[in-house]
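Notes for the one structure printed next.
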Amino acid sequence: MYPILFQFGSFHIYAYGFFIVAGLVTAVVFVGLKIRKSNIGISFENVVDLFFYTVLSALIGSRILFVLINFDVYRQHPMKIFKIWEGGLVFYGGLVLAVIVAFWYMKWHRLPIWKVADLISPLIALGLFFGRIGCFLAGCCYGKETSLPWGVVFKNPDSLARLNVPLHPTQLYDAANGLAIFFFLNWMERRKTFDGQIFWLFLFLYSITRFFIEIFRGDPRGFLFGDFLSTSQGIGILLAILSIFVLFYMKKQSRR
C-alpha cells in the first residue's frame with residue numbers, strides 16, 4: 001500500500017509510525033474524558049505517567065518478541081532492530097511487558113489497580129485499531145494468498161507484504177476486531193459487576209478472536225509444535241484459559 005505517507009526531501013513520515021502516534025494521542029484524549037466522568041480517585045497526571053511507561057514498555061516488549069521470532073533476519077542486519085517505524089511488533093510481547101510495568105507503577109503509587117485496568121482496557125483495543133491500519137499501509141502482518149473478492153494486492157516495492165498476489169487483508173480483520181472490542185467494552189463498563197471484569201474480558205475476547213485471525217496470516221511469525229500453532233495462537237490459548245479462570249474467581253469473590 002503506502003509504507004511512506006509523506007516525503008519531504010530526505011525526510012519520511014512512515015505510515016506505521018504515524019498511526020501508532022495517532023492511536024496514542026487518541027487514547028490520551030479519551031482517557032482524559034473518562035477520568036472527568038469517573039470517580040476512581042486518580043489524577044490525569046497519574047494516568048499520563050502510567051500511559052508513558054506502559055506504552056514505552058509495550059513498544060519495547062513487542063519489538064523484542066518480533067526480533068526473537070525473526071532472529072535469523074536481524075542477526076544478519078542488527079541495525080534493523082531499531083527501525084521500529086517501518087513495522088514489526090508482536091502485540092503479545094508488548095502486552096506482557098506493559099502489564100508488568102503498569103502493575104508495578106500502580107502498586108508503587110498505590111492506585112486502584114483493577115479500576116485503572118478497567119479504565120484503560122478499551123483504549124488498548126482502540127490502539128490496536130490504529131496500529132493495524134498502520135500495519136496495512138506498511139504491509140506487515142499480511143495474510144495468506146486468497147481468491148476471495150476482497151483480497152488485497154500489494155504493489156509498492158517498499159511494502160513488507162508479498163507483492164502482486166491477492167492476500168487476505170488480515171491487518172484490516174484485526175483492526176475491525178479491535179474497534180468492535182473497544183465498543184463492546186465501553187458498553188460493558190456501565191454494566192460490570194466487579195472491578196477487573198473489563199480488563200479480563202478484553203484479554204479473553206482478544207485472545208479468542210486473534211486465534212482465528214492468525215489462521216489467515218501468511219507472514220513469518222514463529223510457530224509452536226512444528227507448524228501446528230503460531231506463537232500468538234499458543235500465547236492466546238494460555239491467556240484465554242487464564243482469563244476465564246480469573247473472571248469466574250473474581251465474580252465469586254465479589255458475591256461474597
Side-chain angles (χ1 to χ4, degrees), residues 53-71 88-107 113-114 116-129 131-132 135 140-141 143-144 168 170-171 173-182 184-185 188 192 194-254:
Y53 292 117
T54 302
V55 169
L56 181 61
S57 57
L59 291 174
I60 293 172
S62 55
R63 187 61 170 179
I64 288 173
L65 186 53
F66 182 84
V67 170
L68 290 176
I69 291 173
N70 300 277
F71 187 69
L89 301 175
V90 178
F91 172 75
Y92 283 127
L95 178 66
V96 171
L97 187 57
V99 167
I100 292 171
V101 171
F103 273 63
W104 170 83
Y105 178 91
M106 288 187 283
K107 196 79 173 175
I113 292 177
W114 295 120
V116 177
D118 284 348
L119 180 75
I120 66 176
S121 293
L123 303 179
I124 299 174
L126 184 63
L128 279 166
F129 166 74
R132 289 308 185 190
C135 284
C140 61
C141 308
K144 294 178 180 176
H168 277 285
T170 45
Q171 310 97 326
Y173 298 166
D174 215 0
N177 180 43
L179 196 59
I181 293 175
F182 166 73
F184 176 75
L185 294 181
M188 277 297 299
K192 73 174 187 176
F194 56 90
D195 292 331
Q197 185 177 9
I198 303 302
F199 172 76
W200 289 104
L201 263 178
F202 164 70
L203 281 186
F204 174 74
L205 290 172
Y206 186 74
S207 298
I208 294 298
T209 51
R210 174 66 182 272
F211 181 92
F212 289 104
I213 292 172
E214 282 286 309
I215 295 171
F216 303 102
R217 289 274 292 267
D219 56 318
R221 60 203 184 283
F223 287 88
L224 304 171
F225 311 112
D227 292 337
F228 184 65
L229 291 174
S230 72
T231 304
S232 292
Q233 284 178 316
I235 297 172
I237 290 172
L238 295 176
L239 286 178
I241 294 171
L242 176 64
S243 300
I244 292 173
F245 173 79
V246 175
L247 280 168
F248 275 106
Y249 175 79
M250 295 180 83
K251 188 172 184 65
K252 187 176 179 180
Q253 291 295 105
S254 70

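Just so it is clear, the model here is predicted, and its values are computed rather than measured. Numbers here are sequence positions counted from 1.
- The two residues Arg217 and Arg132 come nearest to each other via the heavy atoms NH1-NH2, 4.3 Å.
- Among all heavy-atom pairs drawn from Leu97 and Ser57, the shortest one is CD2-O, 3.2 Å.
- In this structure, OG on Ser121 lies 7.0 Å from CG on Leu203, to the nearest 0.5 angstrom.
- Contact between Phe129 and Ala175 at its shortest, heavy atoms only, is CD1-O, 3.4 Å.
- Note: Leu126 CG to Leu185 CG = 11.0 Å, rounded to the nearest 0.5 Å.
- Side chains of Asp174 and Tyr206 form a contact here, defined as non-hydrogen atoms less than 4.5 Å apart.
- For the residue pair Cys141 and Thr170, the shortest heavy atom distance occurs at O-OG1, 2.8 Å.
- Ring geometry for Trp114 against Phe103 counts as perpendicular: the plane angle is over 60°, on a 0 to 90° scale with 30° as the lower cut.
- The distance from the CD1 atom of Ile208 to the CG atom of Leu239 is 10.0 Å, given to the nearest 0.5 Å.
- Residues Ile124 and Ile181 fail the side-chain proximity criterion, which asks for heavy atoms closer than 4.5 Å.
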Using residues 245-252 as the side-chain source, report each donor-acceptor pair under 3.5 Å to any protein atom, sequence neighbours left out, with the distance given to one decimal.
none

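- Side-chain contact between Phe199 and Ile113 is absent, with no heavy atoms from C-beta onward closer than 4.5 Å.
- Considering CG of Leu205 and CH2 of Trp200, their distance stands at 13.5 Å, rounded to 0.5 Å.
- Note that OG1 of Thr54 and CG of Leu95 are 11.0 Å apart. Values are rounded to the nearest 0.5 Å.
- Note: Leu59 CG to Ile64 CD1 = 11.0 Å, rounded to the nearest 0.5 Å.
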Hey, can you pull the donor-acceptor pairs under 3.5 Å for the side chains in residues 228-236, sequence neighbours left out?
| residue | atom | partner | partner atom | Å |
| --- | --- | --- | --- | --- |
| Ser230 | OG | Glu214 | OE1 | 2.7 |
| Ser230 | OG | Gln233 | N | 3.1 |
| Thr231 | OG1 | Gly222 | O | 3.3 |
| Ser232 | OG | Arg210 | NH2 | 3.2 |
| Gln233 | OE1 | Ser230 | N | 3.0 |
| Gln233 | NE2 | Phe211 | O | 3.0 |

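- By the ring pair (Phe, Tyr, Trp, His ring centres under 6.0 Å) test, Phe182 pairs with Phe30, sequence neighbours left out.
- Without hydrogens or angle criteria, Asp118 side chain to Asp195 main chain gives no donor-acceptor distance under 3.5 Å.
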